[in-house]
Amino acid sequence: AESKGLSVFIDSETILPTSRATAVADFSDSATTITVPANSNPSYEISQFFTINDDDIDEDEQSFAIVAEIGPDVPENISCFQTEVGSDVCFGRRGATEIRITDNDPMIIGFTQRIRTVSEGQVPGVDLFQLQINVESARTAEREHPMEFRLQETSTNATVETLIPSSDDYDATFGLRANPDDPLEETRDLDPGTRTVVPLLTAIRNDLIPEDLECYSVRIIPVNVPGRRELFECSKDSAMAANYFCEHTICILDELFQVAFVRTMYTVDESVGPVLVCVNLTRPEFDVLDETVNVFVTDFTTSMYIPVGDVPFATPDIPDILGRYPMAERSDFQQQTPAVNLIDNILISELMRIVCYNQTIYDDLRLEANEYAGLTLGVEDNAQTTVLTLVKELFDQASILIVDNDRAVVGLEQTFFSVSEDVGYVELCANVSFPEITCPIEFPFEVGLWTADGTAVETMDYGVINETLMFDACETRKCVNVTITDDLVDEQKELFTYTLTRTPSLDPRIELDPIDGTVEIIDSDVVGLAVTSYTISESDEVVEVCINAVGTTSSCPSTESFHVTLSTSDQTA
């Protein structure tokens, strides 16, 4: 077998020391020479080993020959090859053994589907439509594989006729019969170099007769080729063949229901309230008596109708039946869940082909980007109906673009400060004054804050500010410190102003409060006065008495003019 190693043995009787034997395989580049010691009694065994490659290729039986030849220096009268061990019959100085390799690689072939269900009305307006049955292989064929595909009558309750029906009472067609009593069969080949069998064809008949579910099965039967061992596997026979099924079953439904969203895209203002979402029964196009289908809608975070990219998905909110949350704190739209579903338990039938429900959109007061609500349509199994219900492709999802209509106001938290000159700094803050909710603005934004001189002069009296305040999403307050200069100069109170400004990227829905702010600086400095004692001679007649400012190193102790009274009083004079 292909999976086994191989060794070939040559037995010899007494051989001269100069003898040698050669074992040659037909695929060898050169012979291998082996020297046999003399007087090997009773026998000497020469062995050569050959490796058989287990190649994982499906192939026919293969063979090669191993040839052994007695060396030319061995006398002809004492050595020859026997026809078999122990025989007295010699046939010459050369012998050969044929090695036949039996392939052990199965060809895994099977149906790509175990079972599928189709509607006999799958192609509207067509009484007989074809289905393709796909058969594939796990390996590329190295040789031709003929196969028969046979209708399994024991597992079939549908009426199946040949490709050329002999009567009008049938559900499907498949294959041919060699003789009237033979099973329906179709023959196909898996050609060398391929992995795909030429597709099988079957046909489904739309007979317009109400009936239960009917099925028929087709099985793969490998064809035995004389003189060749056929290795064939499909599912149930090997773990390797898990996705290659031996049998394919087709079940025919009497009718197919199909439902779809009437509209797949909506664009609404946030204040719209409810949006009317409708589901339509698109098939069958004619009435089917006493049949209904149960449809439901759930929210879905992705939809083929939501643009790809950085588009936010609206936040669903379970209906607040108890009224626990104010409207401003709600999410964006009323969530549809299996437990709470406005369209659940509504039955569609041929008498009521469209059903609708009101999808609530919340006007939440939050400033936010335009958002999408995604919806998906589903159907529930209904034990009272035998029809298959599908959601129409491309109409199983819908999106609602919710256009935000809110505004916000950002202003100065405090517009007037009166501080002492020695206070150090003043904290100036901007805040979102409207709306007064937890998260008034759902995205980051920036505003400018700058100061301007009044009677106070920047750098001399206060530290100039020209900054950008960066608010994170949902942040409502941002502050900056302005330094107040303690200048040791006696002066009147002074003031400067501060203002909020728009940045180029500020959303137009964010308004700035136009009221500016003022900071009043109250002087905290004191000018000290002192006179000096003098010692003079009586003959000096006049003494100049000076008054000095003390306690300051400023070149201008005071910015104000003032008068002092100087008086004398007797002591010893």
Notebook entry, point to check: Between Ile400 and Val277, what is the shortest heavy-atom contact and its length?
Noted result: CD1-CG2, 4.4 Å
Check: Looking only at atom types and distance, does a side-chain atom of Asn157 sit under 3.5 Å from a main-chain N or O of Glu214, one as donor and one as acceptor?
Finding: no
Next item on the list: Using atom types as modelled and distance alone, determine if a side-chain donor or acceptor of Thr156 lies under 3.5 Å from a backbone N or O of Ser217.
Entry: yes
Checklist line | Stepwise side-chain contact (heavy atoms from CB on, under 4.5 Å) check, Phe471 with Val447 | finding: CA-CA 8 Å; Phe471 286 75; Val447 294; 3.9 Å; yes
Note to self: Does any part of the side chain of Tyr266, heavy atoms only, come nearer than 4.5 Å to the side chain of Ile361, both counted from C-beta?
What the structure shows: no
Notebook entry, point to check: Is the closest side-chain heavy-atom distance between Leu500 and Asp513 below 4.5 Å?
Noted result: no
Note to self: How long is the straight-line distance from NZ of Lys478 back to CG of Asn431, given to the nearest 0.5 Å?
What the structure shows: 13.0 Å
Notebook entry, point to check: What distance separates Glu442 CD from Asp364 CG, expressed to the nearest 0.5 Å?
Noted result: 7.0 Å
Item checked: For the student: nearest non-hydrogen atoms of Val160 and Phe174, plus distance -> CG1-N, 3.9 Å
Check: Do Asp182 side-chain atoms and Arg177 backbone N/O form a donor-acceptor pair below 3.5 Å?
Finding: no
Margin query: Does Phe111 form a side-chain contact (heavy atoms from CB on, under 4.5 Å) with Leu200? I'd like the steps, not just the answer.
Written below: CA-CA 10 Å; Phe111 297 103; Leu200 293 170; 4.2 Å; yes
Note to self: Has Asn370 got a side-chain atom pairing as donor or acceptor with Asp404's backbone, closer than 3.5 angstrom?
What the structure shows: yes
Next item on the list: Give a yes or no on whether the backbone of Thr159 and the side-chain of Asp171 come within a donor-acceptor separation of less than 3.5 Å.
Entry: yes
Notebook entry, point to check: Phe496 versus Val464: any side-chain heavy-atom pair under 4.5 Å?
Noted result: no
Notebook entry, point to check: What pair of heavy atoms forms the shortest contact from Pro165 to Thr173, and how long is it?
Noted result: CG-CG2, 3.9 Å
Notebook entry, point to check: Do Ser433 side-chain atoms and Val409 backbone N/O form a donor-acceptor pair below 3.5 Å?
Noted result: yes
Check: Do Asn134 and Gln132 come within less than 4.5 Å of each other through their side chains, counting heavy atoms only?
Finding: yes
Check: Roughly how far apart are Thr476 OG1 and Ile441 CD1, rounded to 0.5 Å?
Finding: 9.5 Å
Notebook entry, point to check: Would a distance-only check, ignoring hydrogens and angles, find a side-chain to backbone donor-acceptor pair under 3.5 Å from Arg205 to Phe129?
Noted result: no
Note to self: One thing to verify: whether Glu427 and Arg477 come together as a salt bridge, which I'm taking to mean a side-chain N less than 4.0 angstrom from a carboxylate O.
What the structure shows: yes
Check: Does a side-chain heavy-atom distance below 4.5 Å link Glu475 with Met470?
Finding: no
Check: Does the side chain of Thr360 pick up a donor-acceptor pair with the side chain of Gln334 at under 3.5 Å?
Finding: yes
Check: Side chains of Ile250 and Val218: closer than 4.5 Å at any heavy-atom pair?
Finding: no
Check: Do the non-hydrogen side-chain atoms of Thr451 and Val519 ever get within less than 4.5 Å of each other?
Finding: no
Checklist line | Verdict with supporting geometry, Tyr357 and Val279, side-chain contact (heavy atoms from CB on, under 4.5 Å) | finding: CA-CA 9 Å; Tyr357 78 99; Val279 177; 6.0 Å; no
Note to self: A side-chain contact here means heavy atoms from C-beta on lying under 4.5 Å apart; do Thr518 and Phe417 qualify?
What the structure shows: no
Note to self: Quick check against the 3.5 Å criterion: does Thr503 have a side-chain atom that pairs as donor or acceptor with the backbone of Gly448?
What the structure shows: no
Next item on the list: Could you point out which residue of Thr376, Leu377, Asn280 forms a side-chain contact (heavy atoms from CB on, under 4.5 Å) with Phe261?
Entry: Leu377
Check: Can you name the nearest heavy-atom pair linking Pro183 to Glu153, along with the distance?
Finding: CA-OE2, 4.1 Å
Notebook entry, point to check: Got a second to check how far Leu412's CG is from Thr499's OG1, nearest 0.5 Å?
Noted result: 7.5 Å
Item checked: Atom pair SG/CZ of Cys439 and Arg366 - distance to nearest 0.5 Å -> 6.5 Å
Next item on the list: Kindly compute the distance separating CG (Leu365) from CG (Asn405), expressed to the nearest 0.5 Å.
Entry: 8.5 Å
Item checked: Smallest separation among heavy atoms of Tyr216 and Ala158, with atom names -> CD2-CB, 4.2 Å
Notebook entry, point to check: So does Tyr425 have more than 12 non-hydrogen atoms from other groups sitting under 6.0 Å from OH?
Noted result: no
Item checked: Cys356 and Ile354: CA distance, side-chain angles, deciding distance, side-chain contact (heavy atoms from CB on, under 4.5 Å) verdict -> CA-CA 7 Å; Cys356 304; Ile354 297 180; 3.9 Å; yes
Next item on the list: Give a yes or no answer on whether the side chain of Arg509 reaches the backbone of Glu368 with a donor-acceptor pair at less than 3.5 Å.
Entry: yes
Next item on the list: For Val482 and Tyr462, work out which heavy atoms get closest and say how close.
Entry: CG1-CD1, 4.3 Å
